[in-house]
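Here is how names work: the chains are called A, B, and so on, in the same order as the sequence lines, proteins then strands, and each is numbered from 1.
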There are 2 protein chains.
Amino acid sequence: MSLRIALLGLLTAYGSASGYDLAKGFERSVAHVWQAGHSQIYPELAKMTADGLVTVEAEGARGRKIYSITSEGRAELRAWLIGHDPTGPARSEVALQAFLLPLLDPGEALDVLERLKAYVEQKLAELEAMWAAKHALPVPEGASGVKFGDLALDLGIRQTRTTLEWANDAMAQLERQA
Amino acid sequence: MSLRIALLGLLTAYGSASGYDLAKGFERSVAHVWQAGHSQIYPELAKMTADGLVTVEAEGARGRKIYSITSEGRAELRAWLIGHDPTGPARSEVALQAFLLPLLDPGEALDVLERLKAYVEQKLAELEAMWAAKHALPVPEGASGVKFGDLALDLGIRQTRTTLEWANDAMAQLERQA
DNA sequence: GTGGTCATGTAACAGGTTACATGATTAC
DNA sequence: GTAATCATGTAACCTGTTACATGACCAC
């Protein structure tokens with residue numbers, strides 16, 4: 001379901017786009033929130049067309065199909081946004097690794113945390129660069145106060161920072177033991 | 001892969017256990033980190049037995065099969081813990097909803113955040129209760145400094161708190177606009 | 001012309017969820 | 001005896017990943 005929603009959302013933001021554009025859109029704007037490759041996107045767009053949520057507005061060069069959202073699609077997106085309860089199953093490889101870390105001896109566990117920290121630091125830098133890039137330009141006239149995607153980016157940055165703080169504290173704790 | 005690792009980890013912690021016990025273990029200790037139903041666990045244990053990572057140590061009443069980890073299994077678990085890079089694809093329904101929230105008007109968006117906040121508060125209460133329960137008892141003699149699963153629980157609590165703070169700030173921001 | 005990137009698709013597989021199905025044991 | 005819970009399994013389905021495959025167009 002969520003893939004559909006993400007596609008409808010992007011299509012709303014873009015006005016209209018091809019499957020290829022949407023795949024690029026996933027790499028850029030939504031990558032930290034949701035991911036999908038083209039092999040998942042193309043069949044899904046076909047199904048969504050069959051279900052009347054999107055339509056092929058035009059066909060361009062190189063077989064390019066330009067999709068746009070229908071009013072049914074807009075309704076579906078709206079219903080999900082308003083009605084969806086995020087009971088989403090928590091599944092985190094990082095947390096699983098953290099859970100099992102005490103099975104290693106402190107020195108080894110420190111190495112693992114060190115690598116994790118490096119990874120998280122890099123990710124944080126990427127997200128902060130994204131934020132900076134988005135906010136470098138002045139807000140255009142008539143734009144709404146909250147920019148599209150900003151709330152999610154803020155959440156991502158905060159959570160990444162929290163993970164980093166946790167890793168530092170966990171390392172300090174292990175060092176006291178080692 | 002991660003399901004295997006989680007099962008090997010629980011089996012290490014428990015010494016030995018049946019599929020049923022492991023399913024219960026998922027509901028309790030690891031639920032905030034990883035999840036799996038019995039319909040996934042039983043076939044996986046069968047495959048792991050075929051691969052030599054676990055063995056059926058004994059068969060009890062009601063067809064109960066008691067598994068224990070083999071040295072091969074311990075090696076696999078260790079290798080994963082030491083060598084696994086957490087490049088895990090980020091996929092979060094909450095973040096997706098946050099991303100698309102500006103598509104609603106501020107009043108509706110506030111309602112969604114209100115519901116999310118209630119959910120997150122409840123989850124935080126559960127995790128904190130778990131922490132309190134674990135730390136109510138004095139640390140047994142000879143136990144290592146960090147209790148099994150504590151690092152992950154700490155991470156979970158911190159991230160849940162961060163999400164809550166974010167929701168509050170996002171609501172305040174939307175209220176200014178409404 | 002040839003290498004890159006645009007653009008779409010399919011197929012095989014791995015991981016996960018929901019529903020179906022069955023029987024043994026225990027508590028009342 | 002009957003309801004709850006222990007205990008295991010299978011089947012259908014959905015989602016997601018990796019790999020394969022193909023052709024159009026553009027820049028050099």
Side-chain angles (χ1 to χ4, degrees), chain A residues 1-8 10-11 14 16-28 30-31 33-51 54 56-67 80 84-93 96, chain B residues 1-8 10-11 14 16-28 30-31 33-51 54 56-67 80 84-93 96:
Chain A
M1 192 77 269
S2 299
L3 173 60
R4 252 168 204 234
I5 298 304
L7 288 170
L8 290 172
L10 276 185
L11 224 38
Y14 292 172
S16 63
S18 68
Y20 190 86
D21 297 333
L22 292 166
K24 292 287 162 193
F26 270 96
E27 278 170 37
R28 289 193 255 280
V30 244
V33 153
W34 207 265
Q35 277 167 276
H38 76 274
S39 66
Q40 209 186 344
I41 292 170
Y42 290 128
E44 189 65 28
L45 283 171
K47 275 188 231 156
M48 288 164 78
T49 307
D51 294 347
V54 298
V56 178
E57 198 184 52
E59 303 214 12
R62 291 181 256 202
R64 182 182 166 89
K65 289 182 198 165
I66 294 154
Y67 290 90
W80 188 89
H84 181 69
D85 275 320
T87 326
R91 228 176 233 122
S92 155
E93 287 200 4
L96 178 59
Chain B
M1 193 76 268
S2 299
L3 173 60
R4 255 171 200 231
I5 298 303
L7 288 170
L8 290 173
L10 276 185
L11 225 36
Y14 291 172
S16 64
S18 68
Y20 190 87
D21 296 333
L22 291 167
K24 292 287 162 192
F26 270 97
E27 278 170 38
R28 288 195 255 281
V30 243
V33 153
W34 208 263
Q35 275 167 277
H38 76 273
S39 65
Q40 212 186 341
I41 292 170
Y42 290 128
E44 189 64 29
L45 283 171
K47 275 187 233 158
M48 288 164 77
T49 306
D51 294 347
V54 298
V56 179
E57 196 183 55
E59 303 214 12
R62 292 180 257 203
R64 183 183 164 89
K65 289 181 197 166
I66 295 155
Y67 289 90
W80 187 89
H84 182 69
D85 274 319
T87 325
R91 227 176 232 121
S92 155
E93 286 200 6
L96 179 59

Leu45(A) atom CG is separated from dT15(D) atom P, nearest whole Å, by 14 Å
State whether Arg64(A) places a side-chain N or O below 4.0 Å from either non-bridging phosphate oxygen (OP1 or OP2) of dA7(C). yes
* Asked: Any side-chain N or O of Lys24(B) less than 4.0 Å from the OP1 or OP2 oxygen of dA7(D)?
  -> no
Taken to the nearest whole Å, CD1/Ile41(A) to P/dA7(C) is 14 Å
With a 4.5 Å heavy-atom cut-off, do Tyr14(B) and Leu22(B) have their side chains touching?
yes
Next on the checklist: Closer than 3.5 angstrom, by distance alone: can the side chain of Gln35(A) be matched with the main-chain N or O of Phe26(A) as a donor-acceptor pair?
Outcome noted: no
Exercise for review: Could you tell me whether the phosphate oxygens of dC6(C), OP1 or OP2, come under 4.0 Å of any side-chain nitrogen or oxygen in Tyr20(A)?
Suggested key: yes
Atom CG of Leu22(A) and atom C1' of dT8(C) are separated, to the nearest Å, by 13 Å
Which of Arg4(B), Met48(B), Lys47(B) passes side-chain contact (heavy atoms from CB on, under 4.5 Å) with Val54(B)? It is Met48(B)
When rounded to whole Å, the NZ to P distance for the pair Lys65(B) and dA24(C) reads 16 Å
Rounded to whole Å, the NE2-C1' distance (His38(B) to dT22(C)) equals 11 Å
The nucleotide from dG9(D), dG9(C), dG23(C) with an atom nearest the side chain of Arg62(B) is dG23(C)
Taking Val33(B)'s backbone N and O only, do any of them form a donor-acceptor pair with Arg91(A)'s side chain (distance below 3.5 Å, no angle check)? no
Atom pairs, N/O to N/O, protein against nucleotides 13-18 of chain C, distance under 3.5 Å?
residue : atom : partner  : partner atom : Å
dG15(C) : OP1  : Met1(B)  : N            : 2.9
dG16(C) : OP2  : Gln40(B) : NE2          : 2.8
dG16(C) : O3'  : Arg91(A) : NH1          : 3.3
dG16(C) : O3'  : Arg91(A) : NH2          : 3.4
dT17(C) : OP1  : Arg91(A) : NH1          : 3.4
dT17(C) : OP1  : Arg91(A) : NH2          : 3.4
dT17(C) : OP2  : Arg91(A) : NH2          : 2.9
dT18(C) : O4   : Ser39(B) : OG           : 2.6

What I'd like to find out is whether the side chain of Glu93(A) reaches to under 4.5 Å of the side chain of Ile5(B), using heavy atoms alone.
no
Whole-Å distance, Ile66(B) CD1 to dC6(D) P, equals 15 Å
Separation of dT8(D) atom P from Glu59(B) atom CD, nearest Å, is 9 Å
Separation of dT22(D) atom P from Tyr42(A) atom OH, nearest Å, is 17 Å
